[in-house]
Amino acid sequence: MKEKQLKVLFIFVLCVCFNRVSAQDVSFLVMGDIHLDKFELHDMDYVNTRPQDFAQISKEYPFFTATYTPYLFARVREQVSAFNPAVKAVVQLGDLMQGVAGNDKLSRDMARFSVDYLYEANLEIPWILAKGNHDVSTSPGQPEAWKEVVLPFIERQTGKDLTNGIYTYQLSDSVHFFVLDQFFSPDQNLPETEILNFLKQELPESKAKFKFLLTHQPVIPVTERCWHLFSGIRRELKDERLRTEFLELLAEHQVTVLCAHLHKYSKIERETDKGIVRQFMFNSVVQRFEEPPAVSGTTVFPGTQTMDKSWQPHTLERRLKILENEVPRIKSYYSENSSGYAIFSVHGSRVELNYFRGDEDSPSDTVTFDIN
């Protein structure tokens, strides 16, 4: 009898341990820029005053949204329902909508259209949104529309009371998201020091093994344009040490950076004096039903010898200095022009990233790394 009781107890303990380990295995799906749009959501007289936006709106994003985005979302629904470990959230890294509506009413209509698009996906798991520059473009009424329409959506999805786009969300005991506001756009007028204040407060308090920074703009340059946080390109950087402090803070807490903005798939490892920072960039603006069978990527970090020196000559000196300083710190680099989505899964101490290009049903790239 005693031997039988011990056997039952052993099986019980084994089941508890198995369930505990299984409960720690979790996945989440990541989408980059989407740029949801409809032609009738724009005051074209206003848009015509912005030539680059006019070209995108008249030829690209409304067509992409109507033609290709439904297929992307259908694939996302399939993955959410079938992927193992179970997908518990969808992360969208900003530029949910195209913006540039042109007036207050159309800005609110566009925000409602975008939020409704997410509701109608019927995923039954939360959307975790970062704010992109197009979401709060300088178009009249766009920042107010985001605050009146999109922010309440985020609050409902996360169960949090928020005042802006900087917040945290704990997906599980082991996975914690730290979401940054939009620091390239003037809607909140937040100084970049608020990034450090936020992370210095939140990161030490987190007991999660896997920490992810969700930001629209990258933290490490991916192209020669140097459109990354603390670059001093889009806004003045008064203290050069802030970026070093920022990157070392991420490395110290082993934070994985997920970003978008440049419409690329990219993966970078950068050294700091306190460890490695890993950054992954995604783009979900699907422009065709099938991606080309061969996508040309590069492992060569943008250098001063190959850069187009005719682009924005007024920032050239600054960008040359940035890239020269980055090169010795880059441990690995890859970038390609493609679109799709990714699924991150955590198992024990390991993170696995599966990147799905376009409408493919199997990963085109898989990355694994460990968190100590």
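The shown structure was predicted, so the numbers you read here are calculated from the model rather than taken from an experiment. Residue numbers start at 1 and run along the sequence shown. Note: hydrogens, waters and symmetry copies are ignored here, and every other heavy atom, side chains too, is used.
- Every pair passing salt bridge (Lys or Arg N to Asp or Glu O under 4.0 Å) that includes a residue from residues 335-348 is listed here, sequence neighbours excluded: Glu336-Arg357.
- At least one donor-acceptor pair closer than 3.5 Å links the side chain of Asp33 to the backbone N or O of His261.
- At most 12 non-hydrogen atoms from other residues, nucleotides or ligands lie less than 6.0 angstrom from CG of Asp161.
- Counting heavy atoms from C-beta outward, Tyr46 and Leu106 have side chains that stay 4.5 Å or more apart.
- Between Arg75 and Glu78, at least one side-chain N (NZ, or NE/NH1/NH2) sits under 4.0 Å from a carboxylate O, which counts as a salt bridge.
- Annotation: side chain of Lys105 is in contact with side chain of Asn103 (closest heavy-atom distance under 4.5 Å).
- Distance alone, capped at 3.5 Å, places no donor-acceptor pair between the Asp109 side chain and the Leu41 backbone.
- Under the salt bridge (Lys or Arg N to Asp or Glu O under 4.0 Å) criterion, Arg318 pairs with Glu240, not counting sequence neighbours.
- By the 6.0 Å contact criterion, NZ on Lys309 is enclosed, its count of non-hydrogen atoms from other residues, nucleotides or ligands being greater than 12.
- Ser339 and Asn283 share no side-chain donor-acceptor pair at under 3.5 Å.
- Every residue two or more places apart in sequence or in another chain that forms a side chain to side chain contact (heavy atoms under 4.5 Å, CB included) with Asp45 is listed here: Asp43.
- Legend: residues meeting ring-ring contact (aromatic ring centres under 6.0 Å, His included) with Phe212, ordered by chain and number and at least two apart, are Phe28, Phe344.
- Here the shortest heavy-atom pairing between Cys226 and Pro221 reads CA-CB, 4.3 Å.
- At distances below 3.5 Å, not a single donor-acceptor pair connects side-chain atoms of Glu269 with backbone N or O atoms of Ile330.
- You'll find the side chain of Ser114 stays beyond 4.5 Å of the side chain of Phe153, heavy atoms only.
- Defined by atom type and a distance below 3.5 Å, a donor-acceptor pair is missing between the side-chain atoms of Tyr117 and Thr65.
- Shown here are the ring-ring contact (aromatic ring centres under 6.0 Å, His included) partners of Phe198, two or more places apart in sequence or in another chain: there are none.
- Remark: side-chain polar atoms of Thr69 are paired, donor with acceptor, to backbone N or O of Phe64 under 3.5 angstrom.
- Under a cut-off of 6.0 angstrom, the local environment of CG in Asn197 is crowded, with over 12 non-hydrogen atoms contributed by other residues, nucleotides or ligands.
- Using a 4.5 Å heavy-atom threshold, the side chains of Ile322 and Ser231 count as touching.
- Paired with Met31 under the rule side-chain contact (heavy atoms from CB on, under 4.5 Å), one option of Val76, Val285, Val91 passes, and it is Val76.
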Quiz: residues 120-132 side-chain donor-acceptor pairs under 3.5 angstrom, not counting sequence neighbours:
residue: Asn122; atom: ND2; partner: Glu120; partner atom: O; Å: 3.3
residue: Lys131; atom: NZ; partner: Asp181; partner atom: OD1; Å: 2.9
residue: Lys131; atom: NZ; partner: Asp187; partner atom: OD2; Å: 2.8

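- Two residues are said to be in side-chain contact when any heavy atoms from C-beta on lie closer than 4.5 Å; Arg243 and Glu192 fail this criterion.
- Hydrophobic cluster membership of Val300, counting Ile, Leu, Val, Met, Phe, Trp and Tyr whose side-chain heavy atoms lie under 4.5 Å apart directly or via other members: none, as it forms a cluster of its own.
- Counting only N and O atoms by type, the side chains of Tyr334 and Asp365 include no donor and acceptor under 3.5 Å apart.
- Glu60 meets the salt bridge (Lys or Arg N to Asp or Glu O under 4.0 Å) test with no other residue; sequence neighbours excluded.
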For this session: Apply side chain to side chain contact (heavy atoms under 4.5 Å, CB included) to Met44 and Phe54, showing your working.
Result: CA-CA 8 Å; Met44 294 307 294; Phe54 180 84; 3.6 Å; yes
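- Side-chain atoms of His228 and Val219, non-hydrogen and from C-beta on, never get closer than 4.5 Å to each other.
- Checked by atom type and distance alone, the side chain of His42 never pairs as donor or acceptor with a backbone atom of Gly102 at under 3.5 Å.
- Within the 4.5 Å cutoff, the side chain of Ile233 has heavy atoms near those of the Trp227 side chain.
- Residues Pro85 and Val26 form no side-chain contact, since every pair of their non-hydrogen atoms from C-beta on lies 4.5 Å or further apart.
- A side-chain contact (heavy atoms from CB on, under 4.5 Å) with Leu247 is found for exactly one of Lys274, Arg270, Glu252, Arg329, namely Arg270.
- Using modelled atom types, one finds no donor on one side chain facing an acceptor on the other under 3.5 Å when comparing Gln157 with Tyr169.
- More than 12 heavy atoms of other residues, nucleotides or ligands sit less than 6.0 Å from atom CD of Glu205.
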Problem set entry | Steps toward side chain to side chain donor-acceptor pair (under 3.5 Å) verdict (Ser174, Ser172) | CA-CA 5 Å; Ser174 60; Ser172 69; 3.3 Å; yes
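- Applying the salt bridge (Lys or Arg N to Asp or Glu O under 4.0 Å) test to Glu324 and every residue at least two apart in sequence or in another chain returns nothing.
- Not counting sequence neighbours, Phe39 has no partner by the ring-ring contact (aromatic ring centres under 6.0 Å, His included) test.
- Qualifying side chain to side chain contact (heavy atoms under 4.5 Å, CB included) partners for Ser206, counting only residues two or more places apart in sequence or in other chains: His176, Phe178, Ala208, Lys211.
- Tyr167 meets the ring-ring contact (aromatic ring centres under 6.0 Å, His included) test with no other residue; sequence neighbours excluded.
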Problem set entry | side chain to side chain contact (heavy atoms under 4.5 Å, CB included) assessment of Lys238 paired with Glu236 | CA-CA 6 Å; Lys238 295 181 179 179; Glu236 183 183 3; 4.0 Å; yes
